[in-house]
Amino acid sequence: MYNGQRIKDLAIKKGMLLKDIVTKADLIESSFYQMIGPKGNPKASNLEMIANILECSIDDFFDRDFNKMELNDKELKISFDLQAKEIDHLKQLVEEKERTIQILMNKK
């Protein structure tokens with residue numbers, strides 16, 4: 001999830017003032033501060049410009065919970081495993097029904 005605070009932190013780490021970023025990116029100051037605020041929703045082009053100024057990756061502006069992502073992957077794998085077992089079970093049922101049909105047809 002996007003985190004505007006990360007832009008502030010990276011600017012401080014690089015010894016830059018936020019005002020310098022606004023000037024170099026040719027942004028409107030109020031828009032920039034709104035963008036890096038808690039409810040900021042910047043355009044990708046603005047993030048790219050800021051990342052170039054801070055000499056970092058756009059990815060640095062986002063928080064990611066890798067443990068949660070791994071858990072989702074495990075849950076997804078379990079879901080696929082269950083579906084595969086269900087498919088195998090359904091195939092066995094169809095085969096059994098086919099055998100029953102053949103037996104009934106041969107009795108006539």
Side-chain angles (χ1 to χ4, degrees):
M1 175 175 262
Y2 170 73
N3 182 348
Q5 181 64 41
R6 295 263 185 118
I7 293 174
K8 296 176 192 176
D9 295 342
L10 285 166
I12 290 169
K13 188 175 179 180
K14 301 236 179 204
M16 294 183 77
L17 298 173
L18 295 178
K19 192 171 185 173
D20 294 336
I21 296 172
V22 171
T23 304
K24 288 180 181 182
D26 196 29
L27 296 169
I28 298 169
E29 193 169 348
S30 60
S31 298
F32 174 76
Y33 285 103
Q34 186 177 17
M35 178 190 325
I36 64 172
K39 295 184 180 182
N41 189 18
K43 294 179 184 177
S45 58
N46 288 338
L47 289 180
E48 183 178 14
M49 202 176 333
I50 294 168
N52 287 337
I53 291 167
L54 292 173
E55 298 176 345
C56 65
S57 168
I58 291 175
D59 196 47
D60 292 335
F61 305 146
F62 292 84
D63 292 326
R64 298 214 178 147
D65 187 350
F66 290 105
N67 291 332
K68 186 175 181 181
M69 289 170 69
E70 287 174 13
L71 180 61
N72 288 338
D73 288 345
K74 288 177 186 173
E75 289 172 352
L76 188 60
K77 184 180 181 324
I78 290 170
S79 176
F80 284 141
D81 289 346
L82 290 173
Q83 287 177 350
K85 286 179 182 177
E86 185 175 357
I87 289 169
D88 287 342
H89 178 68
L90 291 171
K91 285 179 181 177
Q92 290 172 357
L93 286 174
V94 168
E95 288 172 5
E96 184 61 34
K97 288 185 183 223
E98 287 294 326
R99 279 193 292 270
T100 304
I101 291 170
Q102 288 302 320
I103 291 169
L104 291 172
M105 288 179 69
N106 290 333
K107 284 188 175 183
K108 287 184 179 185

Residues passing the salt bridge (Lys or Arg N to Asp or Glu O under 4.0 Å) test with Asp59, sequence neighbours excluded, are Arg64

Interatomic distance, CD@Glu96 vs CD1@Ile101, rounded to 0.5 Å, equals 10.5 Å

Validation row: Asp63, Arg6 side chains within 4.5 angstrom (heavy atoms)
yes

Distance col, row Asp9:CG vs Ile36:CD1, nearest 0.5 angstrom, shows 10.0 Å

- Counting only heavy atoms not in Gln102, do more than 12 fall under 6.0 Å of its CD? yes

Rounded to the nearest 0.5 angstrom, the CD1-NZ distance for Ile21 and Lys14 is 10.5 Å

ask   = NZ of Lys8: more than 12 outside heavy atoms within 6.0 angstrom?
value = yes

One should read off an interatomic distance between Leu18 CG and Thr23 OG1, to the nearest 0.5 angstrom, of 11.0 Å

* Within the distance-only criterion (no hydrogens, no angle test), does the side chain of Asp60 pair as donor or acceptor with the backbone N or O of Ser57 below 3.5 angstrom? -> yes

Residues 43-64 vs ring pair (Phe, Tyr, Trp, His ring centres under 6.0 Å), sequence neighbours excluded, gives Tyr2-Phe62

Output for pair (Leu27 CG, Met35 CE), nearest 0.5 Å, gives 5.0 Å

> Under a single-linkage definition using a 4.5 Å side-chain heavy-atom cutoff for Ile, Leu, Val, Met, Phe, Trp and Tyr, are Leu10 and Val22 assigned to the same hydrophobic cluster?
Replying inline: yes

Scanning both residues in full, the closest heavy-atom pair of Ala11 with Leu54 reads CA-CD2, 3.8 Å

Here the ring pair (Phe, Tyr, Trp, His ring centres under 6.0 Å) pairs for residues 10-48, sequence neighbours left out, are none

Heavy atoms from other residues, nucleotides or ligands near CD1 of Ile58 exceed 12 (cutoff 6.0 Å)
yes

Rounded to the nearest 0.5 Å, the CG atom of Asn41 sits from the CD atom of Gln34 at a distance of 9.5 Å

Pro42 and Leu47 have their tightest heavy-atom pair at CG-CD2, 3.6 Å

